[in-house]
Amino acid sequence: KTVAKEYVAERGFTFEEQSPQPEPMPQPEPDPDPDPQSEQSEQSEQSEQSEQHREANRRAVAGLADALRDADPQVRLAAAEGLGGLEDPRAIEALSRALRSDESVEVRRMAAWALGEIEDARAVPALSEALRSDKDDEVRRMSAWALGEIESATAVEALGAALRDASPEVRKTAVWALGEIESPNGVQHLIPFLEDESVEIRSQAAWALGEIESPRAVA
């Protein structure tokens with residue numbers, strides 16, 4: 001827990017893998033007549049390394065998912081960030097649960113960010129729910145951002161509803177997300193916001209409609 005707290009305090013929202021980089025090895029000249037057995041051996045070695053990497057990821061996801069249930073919110077925060085850095089879809093269930101129910105605002109924000117990093121449409125229901133009902137403006141804004149990163153048309157209705165959010169930042173991010181998704185179903189939601197009181201939202205709405213490229217927006 002101490003390590004996790006120090007990690008969060010020092011690294012913030014930055015996830016980095018730090019490992020010593022080996023010196024580049026000189027590349028041998030290509031063999032004009034490669035040995036089939038040698039090629040088969042290399043392929044087998046690469047396949048084994050790939051399997052080891054998948055197994056390491058599986059264990060990391062499982063361990064971090066368990067850490068999302070820790071009593072210390074700093075540990076849960078670091079775990080959510082770690083899962084976002086791995087970008088493994090196997091983390092979606094644990095992150096969705098944290099987004100829906102964690103008592104810490106910071107953990108919920110980080111869970112939304114991590115789901116956006118994974119970019120898998122299976123996270124859309126949890127993100128849409130958070131966008132509609134979370135009490136924290138930043139959780140809602142991060143959820144809108146994540147839906148834009150995922151780019152699934154199934155998120156259009158939730159983002160359209162978010163255009164009526166009390167927070168201008170949430171509304172602006174929802175407009176951006178609809179532009180990223182580029183679904184024609186977003187046009188009906190965006191057109192009224194060409195007359196929003198915020199000049200930034202009007203500008204963002206015009207950009208989003210241009211991204212969607214629907215003739216319904218021309219007038």
Partners passing side chain to side chain contact (heavy atoms under 4.5 Å, CB included) against Ala65 (at least two apart in sequence or in another chain): Ala94
To the nearest 0.5 Å, how far apart are CG in Leu83 and CZ in Arg90? 11.0 Å
Heavy-atom distance under 4.5 Å between the side chains of Val175 and Leu159, does that happen here? no
For a 4.5 angstrom cut-off between non-hydrogen side-chain atoms, does Glu55 reach Gln52? no
Quick note, side chain to side chain donor-acceptor pair (under 3.5 Å) partners involving residues 118-134, not counting sequence neighbours, are Arg100-Glu129, Arg108-Asp134, Asp120-Arg122
Indicate every side-chain donor-acceptor pair of residues 177-188 with a distance under 3.5 Å to a residue at least two apart or in another chain.
from, atom 1, to, atom 2, distance (Å)
Ser183, OG, Asn185, N, 3.2

Rounded distance [0.5 Å steps], CG in Leu131 versus OG1 in Thr173: 9.5 Å
Between Asp88 and Ala91 (side chain of the first, backbone of the second, donor and acceptor by atom type, cut-off under 3.5 Å), is there such a pair? no
Considering only heavy atoms from C-beta outward, does the side chain of Leu194 approach that of Leu209 to under 4.5 Å? yes
How far does CG of Leu68 sit from CE of Met110, to the nearest 0.5 angstrom? 11.0 Å
Count the heavy atoms of every other residue, nucleotide or ligand shown that sit under 6.0 Å from CD of Glu93, and state whether that count exceeds 12. no
Enumerate the residue pairs fulfilling salt bridge (Lys or Arg N to Asp or Glu O under 4.0 Å) with a member in residues 185-205, sequence neighbours excluded, ordered by first and then second residue. Arg171-Asp196, Lys172-Glu200
Looking at Arg141, Arg140, Lys135, which hits salt bridge (Lys or Arg N to Asp or Glu O under 4.0 Å) with Glu138? Arg141
Going by side chain to side chain contact (heavy atoms under 4.5 Å, CB included), name the residues that satisfy it together with Ala112, two or more places apart in sequence or in a different chain. Leu99, Leu127, Met142, Ser143
For Thr154, all residues meeting side chain to side chain contact (heavy atoms under 4.5 Å, CB included), sequence neighbours excluded: Val124, Ser152
